[in-house]
Amino acid sequence: MLGVLLLLSLISLVALVPPPAPCRQCCDHLEPPEGSGAQPPIGVFNYVPEVRTYINMTILKGDKGDRGDRGTPGKPGHIGPPGSIGPMGSKGSKGQAGPPGDPCKIQYSAFSVGRRKSLHSLESYQALVFDTVFVNLEEHFDMFKGKFICRIPGIYYFNVNIHTWNFKETYLHIMQNEAEKAIVYAQPSDRSIMQSQSVMLELDLSHEVWIRLYKRERENAVYSDDVDVYITFNGYLIKASVEGK
């Protein structure tokens with residue numbers, strides 16, 4: 001059946017192509033003499049047909065071929081925009097405990113000093129100098145100058161206690177370097193009393209804190225004796241600026 005279909009698909013075209021016309025003479029219509037062996041002339045209806053075969057190639061489809069080799073990958077494309085944030089993952093398991101750290105280094109600075117002698121004002125300001133030591137950690141209080149010198153920057157608490165002199169004014173300042181920070185004052189009276197003042201100060205390295213007696217523009221003094229300590233000056237570190245250094 002396949003052979004029949006293939007045969008039917010071949011379309012034969014018969015082309016009637018007359019041969020080229022030979023030269024004709026006026027006497028060519030005559031028959032050649034008998035026995036001459038010449039062929040009579042070819043007429044219009046006396047010719048040999050030329051056969052030309054045409055094959056329709058569109059119906060001759062072959063079997064599917066094998067798959068070719070994979071080609072080389074192309075160039076990477078442009079980076080796309082970031083996607084949306086995905087859902088939060090589940091909480092991980094608890095990790096192991098780390099090694100123990102170094103113990104905190106606690107810093108200390110404290111002093112407490114007293115004076116057993118009275119002091120009167122002079123023509124100029126003067127520092128209240130002390131002659132008795134109760135506490136002086138690391139010698140941060142300079143007994144010769146009567147000043148606390150900061151070795152550990154931070155916040156400090158200071159307190160001064162004095163005893164007034166009868167009928168004389170009492171006029172002192174707690175000083176930070178050359179700045180007046182707090183006053184200790186008592187008016188003249190026929191009765192002597194104890195006066196006290198406290199203040200917290202933030203100190204930098206080498207700052208000095210001391211007690212200054214006012215100059216003689218006002219007759220003022222503080223009282224003490226060799227038996228009891230009436231005048232005291234105290235201070236200590238509350239919190240260092242940087243812990244552990």
Side-chain angles (χ1 to χ4, degrees), residues 61-115 127-162 172-185 194-212 229 231-245:
K61 183 177 180 182
D63 296 332
K64 184 177 180 180
D66 297 333
R67 185 172 183 177
D69 297 333
R70 185 175 183 179
T72 57
K75 296 181 179 180
H78 296 291
I79 299 176
S84 57
I85 299 175
M88 182 179 294
S90 58
K91 185 178 181 181
S93 58
K94 185 177 180 180
Q96 297 180 352
D102 296 331
C104 296
K105 182 180 179 181
I106 302 176
Q107 302 182 90
Y108 298 97
S109 180
F111 72 92
S112 180
V113 293
R115 181 183 175 93
L128 192 59
V129 180
F130 300 86
D131 51 34
T132 302
V133 176
F134 300 109
V135 174
N136 191 9
L137 295 181
E138 304 297 332
E139 304 295 326
H140 289 179
F141 190 88
D142 189 332
M143 294 295 293
F144 179 76
K145 294 181 178 180
K147 296 181 179 182
F148 169 77
I149 301 174
C150 178
R151 305 299 184 191
I152 305 173
I155 299 174
Y156 287 78
Y157 172 83
F158 296 97
N159 167 262
V160 60
N161 299 282
I162 57 94
L172 303 96
H173 283 97
I174 299 176
M175 306 290 294
Q176 180 178 355
N177 298 327
E178 298 301 320
E180 301 172 352
K181 293 300 180 179
I183 189 173
V184 184
Y185 180 77
M194 294 292 298
Q195 289 285 87
S196 179
Q197 182 64 282
S198 302
V199 67
M200 285 193 297
L201 299 174
E202 185 172 4
L203 305 182
D204 291 331
L205 188 65
S206 300
H207 277 193
E208 296 178 343
V209 179
W210 50 292
I211 307 301
R212 188 190 70 180
V229 178
I231 303 171
T232 60
F233 184 31
N234 313 283
Y236 57 87
L237 174 66
I238 296 176
K239 183 179 185 300
S241 297
V242 180
E243 296 287 354
K245 288 189 177 181

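- Sorted by first and then second residue, the salt bridge (Lys or Arg N to Asp or Glu O under 4.0 Å) pairs involving residues 146-157 (not counting sequence neighbours) are Lys147-Glu208.
- Between the side chain of Asn161 and the backbone N or O of Ile231 there is no donor-acceptor pair closer than 3.5 Å.
- Rounded to the nearest 0.5 Å, atoms CG (Leu128) and CG (Leu172) are 6.5 Å apart.
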Exercise. For the pair Val113 and Asn136, evaluate side-chain contact (heavy atoms from CB on, under 4.5 Å) and give the outcome as yes or no after the intermediate values.
Key: CA-CA 8 Å; Val113 293; Asn136 191 9; 5.6 Å; no

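- Under the side-chain hydrogen bond (donor to acceptor under 3.5 Å, both in side chains) criterion, Glu202 pairs with no residue, sequence neighbours left out.
- By the 30° and 60° cut-offs, the orientation of the rings of Phe141 relative to Phe130 is perpendicular.
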Exercise. List the steps, then state whether side-chain contact (heavy atoms from CB on, under 4.5 Å) holds for Cys150 with Asp204.
Key: CA-CA 7 Å; Cys150 178; Asp204 291 331; over 6 Å; no

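- Partners of Phe134 according to the ring-ring contact (aromatic ring centres under 6.0 Å, His included) rule, which considers only residues two or more places apart in sequence or in another chain, do not exist here.
- Within a 6.0 Å sphere centred on CE of Met200, other residues, nucleotides and ligands contribute 12 heavy atoms or fewer.
- Between Phe233 and Phe111, the distance separating the two ring centers is shorter than 6.0 angstrom.
- The structure places CD1 of Ile174 at 5.5 Å from CD of Gln197, a figure rounded to the nearest 0.5 Å.
- Atom NE2 of His173 is separated from atom NZ of Lys181 by 12.0 Å, given to the nearest 0.5 angstrom.
- At least one donor-acceptor pair closer than 3.5 Å links the side chain of Asp142 to the backbone N or O of Phe144.
- The side-chain hydrogen bond (donor to acceptor under 3.5 Å, both in side chains) check on Gln176 picks up His207, with sequence neighbours excluded.
- Residue pairs meeting the side-chain hydrogen bond (donor to acceptor under 3.5 Å, both in side chains) criterion with at least one member in residues 77-99: none, sequence neighbours excluded.
- Between Asn159 and Ser196, the closest heavy-atom pair is ND2-OG, 3.2 Å.
- The side-chain contact (heavy atoms from CB on, under 4.5 Å) search around Glu178 returns Trp210, not counting sequence neighbours.
- Partners of Asp131 under the side-chain contact (heavy atoms from CB on, under 4.5 Å) rule, at least two apart in sequence or in another chain, are Arg115, Arg116, Lys117.
- For Ser109, the side-chain contact (heavy atoms from CB on, under 4.5 Å) test picks out His140, Phe148, Ile152, Tyr156, Leu237, with sequence neighbours left out.
- A heavy-atom distance below 4.5 Å is not found between the side chains of Leu201 and Ile155.
- Here CD1 of Ile149 is found 12.0 Å from CG of Leu203. Values are rounded to the nearest 0.5 Å.
- From Tyr157, atom OH reaches atom OG of Ser198 across 3.0 Å, with rounding to the nearest 0.5 Å.
- Every side-chain contact (heavy atoms from CB on, under 4.5 Å) that Tyr108 has, sequence neighbours left out, goes to Ile106, Leu137.
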